[in-house]
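First the proteins, then the strands, lettered A, B, ... as listed; each starts at 1. The figures here come from the full heavy-atom set of this structure, side chains too, leaving out hydrogens, waters and symmetry mates.
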Protein chains: 2
Amino acid sequence: MPMELTGTDMEQLDELTCIKHAYQRGGFLYRSGSKFQSLYAIRTGFFKTQVLHEDGREQVTGFQMAGEIIGMDAISSDAHACDAIALEDSEVCEIPFSRLEELSRKLPSLQRHLHRILSREIVRDQGIMLLLGSMRAEERLAAFLLNLSQRFAARGYSPTSFYLRMTRQEIGSYLGMKLETVSRTLSNFQGVGLISIRNKSVEIHNLQKLQRLVGPPPECI
Amino acid sequence: MPMELTGTDMEQLDELTCIKHAYQRGGFLYRSGSKFQSLYAIRTGFFKTQVLHEDGREQVTGFQMAGEIIGMDAISSDAHACDAIALEDSEVCEIPFSRLEELSRKLPSLQRHLHRILSREIVRDQGIMLLLGSMRAEERLAAFLLNLSQRFAARGYSPTSFYLRMTRQEIGSYLGMKLETVSRTLSNFQGVGLISIRNKSVEIHNLQKLQRLVGPPPECI
DNA sequence: ATGAGTGTTTGATGTATATCAAAATCAATG
DNA sequence: CATTGATTTTGATATACATCAAACACTCAT
């Protein structure tokens, strides 16, 4: 998990023997309200997290992929605050949180790492607030595609050609728009030659143009 | 800061002698990009945090009041990710983060407390994502007023009569709507007798009705 | 293969909220 | 106390996105 640990630290880290679990597509990693015990490191696969409003409305709060840690919202109340659902067959490492806390008291570098992970999640959420609060549909979708592109690239996959694991409906929920608007906007992008999209396969033809789209609102150009 | 500490722990906690600072209204507690050193506990007053997009757009990400901790977004990158600005004359306690980490290695209850605070911020942000992604202007504003109400109540102030420290513009930025829409919606609330609002003084006449407003979308009633 | 069911696209229309604009109110300062 | 600038309210209009609806394409199981 952490990369910047010294040799002896590393051995102690082994104590944090995570338990591996497999989840089928559609399976719940955890449910909102269930007792908090562990964080989960995604080894392979793809998840979404969503919060449900009493009245049935749902909001997708994130899409998580290999190497990312999930479940941190539950620390504050000892119960999970959202659902986590596998979007494809996946493997996760369960990290018992009490062990992690114990160990991070002994290993300052692990402690620092944990704090960074928690903080990174806060920064990510703020980015989404910016997106939801002040961007138009086109910009949101461009930002979304660029974000996926970067994360795939960071994992050694193509930044310009990838497969969407989520439905238009889930993209829309995440970005605060309706599935029809998602579909229309993607079609527009294709229409102007920015991307090719056929079902869930995306090919980005012009990353820079996409980046410029996220930028200033139309009146400012 | 933490309430659930044993006696001897408490003495050690004294080592975490925070440095007190005063800020005038309009003053920056920290700026986006500045080096991260400390978290800040607000003792008195009122702050806002905002992220700025390159192209000038800004998004208010939160309003913080006495007793709340601020600055946690900066842990992940060692630099602040947003601005924090005093909305009235305020006092904060600076908590050097390296000292806090050090001490929380010795005091499990402090460690746990810190983790909870970080996690609570994540949960809060998810709530705002839900609000921005799936609520209408009326619901957002009702949720906003109720949230302020609860937080004032928790501090011993009236939950039904309080003073808004922020402008309509700042409320709008926070809630993802324009200041005119904020103004109009507040006028509507007043029109139907839900609240009285004169400039920045709010009086809530019917908390329950306000609560019901946050709930289901109109078609579902 | 074939059909059922789910997900996607596209069109026509409606509506919530943004935009533009002007007046009214408030706060600060000399 | 008067003046200036910021903030707020309110109205008229525009527009981005939602809604409703129907056709179309996948996926999966029989």
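One interatomic measurement links the two molecules: CE of A:Met135 to P of D:dC17, which rounds to 13 Å at whole-angstrom precision. We find that CG of B:Asn188 is positioned 11 Å from P of D:dG11, with the value rounded to whole Å. A:Lys178 has its NZ atom 15 Å from the P atom of C:dT8, to the nearest Å. Note: CZ (B:Arg165) to P (D:dT7) measures 17 Å, nearest angstrom. Rounded to a whole Å, the CZ atom of A:Arg168 is 16 Å from the P atom of D:dA18.
Each of C:dT19, C:dT8, D:dT8 was ranked by its minimum atom distance to the side chain of B:Lys200; first place goes to D:dT8.
Checked against the 6.0 Å centroid criterion, the rings of B:Tyr157 and B:Phe162 do not qualify as a close aromatic pair. Aromatic pair B:Tyr40/B:His21: centroids not less than 6.0 angstrom apart.
A:Val51 approaches B:Gln126 most closely through the heavy-atom pair CG1-OE1, 4.0 Å. Residues A:Ala74 and A:His80 approach most closely at CB-ND1, 3.4 Å, considering heavy atoms.
When only modelled atom types and interatomic distance are considered, A:Gln50 and A:Lys48 share a side-chain donor-acceptor pair under 3.5 Å. A donor-acceptor pair shorter than 3.5 Å cannot be found between the side chains of B:Asn188 and B:Arg184. One side chain, B:Gln64 or B:Thr49, offers a donor N or O that lies under 3.5 Å from an acceptor on the other.
The pair B:Arg124-B:Glu68 fails the salt-bridge criterion, with no side-chain N (NZ, NE, NH1 or NH2) lying under 4.0 Å from an Asp/Glu carboxylate O.
One finds no side-chain N or O of B:Arg136 lying less than 4.0 angstrom from the OP1 or OP2 phosphate oxygen of C:dA16.
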request  = Can you check each nucleotide of nucleotides 23-30 of chain C against protein heavy atoms at under 4.0 Å and return B for base, S for sugar-phosphate only, - for none, in 5' to 3' order?
outcome  = ---SSS--

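Between its opening and closing five pairs, the helix from C:dA1-D:dT30 to C:dG30-D:dC1 changes axis direction by 50°, a value rounded to 10 degrees.
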Return the polar atom pairs (N/O with N/O) between nucleotides 10-13 of chain C and the protein under 3.5 Å, or none.
{"unit_1": "C:dT10", "atom_1": "OP2", "unit_2": "A:Ser187", "atom_2": "OG", "d": "2.7"}
{"unit_1": "C:dG11", "atom_1": "N7", "unit_2": "A:Arg184", "atom_2": "NH1", "d": "2.8"}
{"unit_1": "C:dG11", "atom_1": "O6", "unit_2": "A:Arg184", "atom_2": "NH2", "d": "3.0"}
{"unit_1": "C:dA12", "atom_1": "N6", "unit_2": "A:Arg184", "atom_2": "NH2", "d": "3.4"}

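Considering only heavy atoms from C-beta on, A:Ile197 comes within 4.5 Å of A:Leu164 through its side chain.
A donor-acceptor contact shorter than 3.5 Å links the side chain of A:Ser119 to the backbone of B:Met72.
None of A:Arg165, A:Arg25, A:Lys200 except one satisfies the salt bridge (charged side-chain N to carboxylate O under 4.0 Å, His left out) rule with A:Glu88; the exception is A:Arg165.
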